[in-house]
Amino acid sequence: VQLQASGGGLAQAGDSLRVSCTASGRIGVMAWFRQARGKERAFVAAIRWGDGNTRYADSVRGRFTISRDSAKLTVNLQMNSLKPEDTAVYYCAARPVYNVQYWNSEHYNFWGQGTLVTVSS
């Protein structure tokens, strides 16, 4: 499975941005991770493909929304009320079957290219 990420860009604090990821085949779960400069890659959000069940990191809950378009095999991450600390390269990841360790990047088989999100204060 190949993942193609899009979106992101520049924003000011309080603004909104959206990143999207399209898969080339069937998947069980898709997630977004992000990596800020000098920091480790961190879990942001995940969505289980079958029932749309979602999970969020505490740092983004209430501001970010992950959703899926089953027909297009696309997952969107709507990012509202952006903060400078949201600045990072965002990566989408997927695996064929849902795993309870959805927050663990080591459990994902497929990765998209990163897309940069920069939030200025």
Side-chain angles (χ1 to χ4, degrees):
V1 175
Q2 294 183 330
L3 303 179
Q4 180 68 46
S6 62
L10 300 174
Q12 293 187 328
D15 285 352
S16 298
L17 283 175
R18 186 175 75 171
V19 290
S20 300
C21 186
T22 300
S24 62
R26 293 174 64 87
I27 54 175
V29 58
M30 187 178 287
W32 285 95
F33 290 79
R34 66 186 182 186
Q35 188 166 19
R37 184 174 297 179
K39 295 187 177 181
E40 294 185 353
R41 192 169 297 187
F43 170 75
V44 176
I47 186 165
R48 188 162 57 191
W49 204 260
D51 61 6
N53 189 272
T54 58
R55 293 287 188 270
Y56 295 95
D58 289 343
S59 59
V60 306
R61 186 175 291 112
R63 299 188 298 122
F64 290 12
T65 302
I66 189 170
S67 62
R68 75 192 191 300
D69 183 330
S70 298
K72 298 180 179 179
L73 293 180
T74 296
V75 167
N76 299 307
L77 182 69
Q78 179 66 38
M79 304 180 289
N80 298 331
S81 302
L82 284 163
K83 304 176 181 180
E85 51 263 45
D86 294 319
T87 296
V89 177
Y90 283 70
Y91 297 91
C92 57
R95 56 176 287 122
V97 179
Y98 178 78
N99 185 291
V100 293
Q101 292 194 24
Y102 54 86
W103 43 265
N104 189 339
S105 62
E106 296 182 1
H107 285 248
Y108 287 86
N109 309 90
F110 312 111
W111 289 85
Q113 83 284 11
T115 184
L116 179 62
V117 171
T118 304
V119 184
S120 61
S121 57

Show the nearest heavy-atom pair for residues Arg63 and Asp86, with the distance to one decimal.
NH1-OD2, 2.8 Å
Would you compute the distance between atom CG of Asn99 and atom CG of Asn109 and round it to the nearest 0.5 angstrom?
9.5 Å
Please check if any side-chain donor atom of Gln78 sits under 3.5 Å from a side-chain acceptor atom of Asn76, or the reverse.
no
Point-to-point distance, once rounded to the nearest 0.5 Å, from OG of Ser121 to CD of Gln12:
9.0 Å
If you round to the nearest 0.5 Å, how far is CD of Gln2 from OG1 of Thr22?
12.0 Å
So do Arg55 and Trp103 actually touch side chain to side chain, heavy atoms under 4.5 Å?
no
Looking only at heavy atoms, the pair that brings Val1 and Gly25 closest together is CG1-N, 4.0 Å
Should His107 and Val29 count as side-chain neighbours, where that means a heavy-atom distance under 4.5 Å?
no
I need the minimum non-hydrogen distance between Met79 and Val19, along with the two atoms involved.
CE-CG1, 4.0 Å
Cluster link Tyr91 to Leu116, ILVMFWY, side chain under 4.5 Å:
yes
Keeping the roles fixed (side chain from Arg48, backbone from Asn53), state whether a donor-acceptor pair exists under 3.5 Å.
no
Are the charged groups of Asp58 and Arg61 less than 4.0 angstrom apart, N to O?
yes
At what distance, to the nearest 0.5 angstrom, does CZ of Arg18 lie from CG of Leu77?
10.0 Å
Within a strict 4.5 Å, meaning less than it, do heavy atoms of the Met30 and Leu3 side chains meet?
yes
Straight-line distance of Phe110 CZ to Ile27 CD1, nearest 0.5 Å
9.5 Å
Does some side-chain heavy atom of Glu40 sit less than 4.5 Å from a side-chain heavy atom of Ser105?
no
May I ask you to decide if Val97's main-chain N or O and Arg95's side chain share a donor-acceptor pair within less than 3.5 Å?
yes
Does the side chain of Arg34 come within less than 4.5 Å of Val117's, by heavy atoms?
no
Identify the heavy atoms of Ser81 and Ser16 that sit nearest to each other, and give their distance.
N-OG, 4.3 Å
Kindly indicate whether the side chain of Phe64, heavy atoms from C-beta on, has any atom under 4.5 Å from the side chain of Leu82.
yes
Interatomic distance, CD@Gln113 vs SG@Cys21, rounded to 0.5 Å, equals 7.5 Å
Is a donor on one side and an acceptor on the other found under 3.5 Å between the side chain of Thr115 and the backbone of Gly7?
yes
Quick check: closest heavy atoms across Ala36 and Ala88, and the distance to 0.1 Å?
N-CB, 3.7 Å
Restricting to non-hydrogen atoms, name the atom on Tyr90 and the atom on Val44 that form the minimum distance, rounded to 0.1 Å.
CE2-CG2, 4.3 Å
Residue pairs passing the disulfide (SG to SG under 2.5 Å) test where at least one lies in residues 46-90, sequence neighbours excluded
none
Does the side chain of Thr87 come under 3.5 Å of the side chain of Thr118 through a donor N or O and an acceptor N or O?
no
Which pairs pass ring-ring contact (aromatic ring centres under 6.0 Å, His included) with one or both residues in residues 6-43, sequence neighbours excluded?
Phe33-Phe43, Phe33-Tyr108, Phe33-Trp111, Phe43-Tyr102
Please examine the side chains of Val75 and Ile66, heavy atoms only from C-beta on, and report whether any two atoms are closer than 4.5 Å.
yes
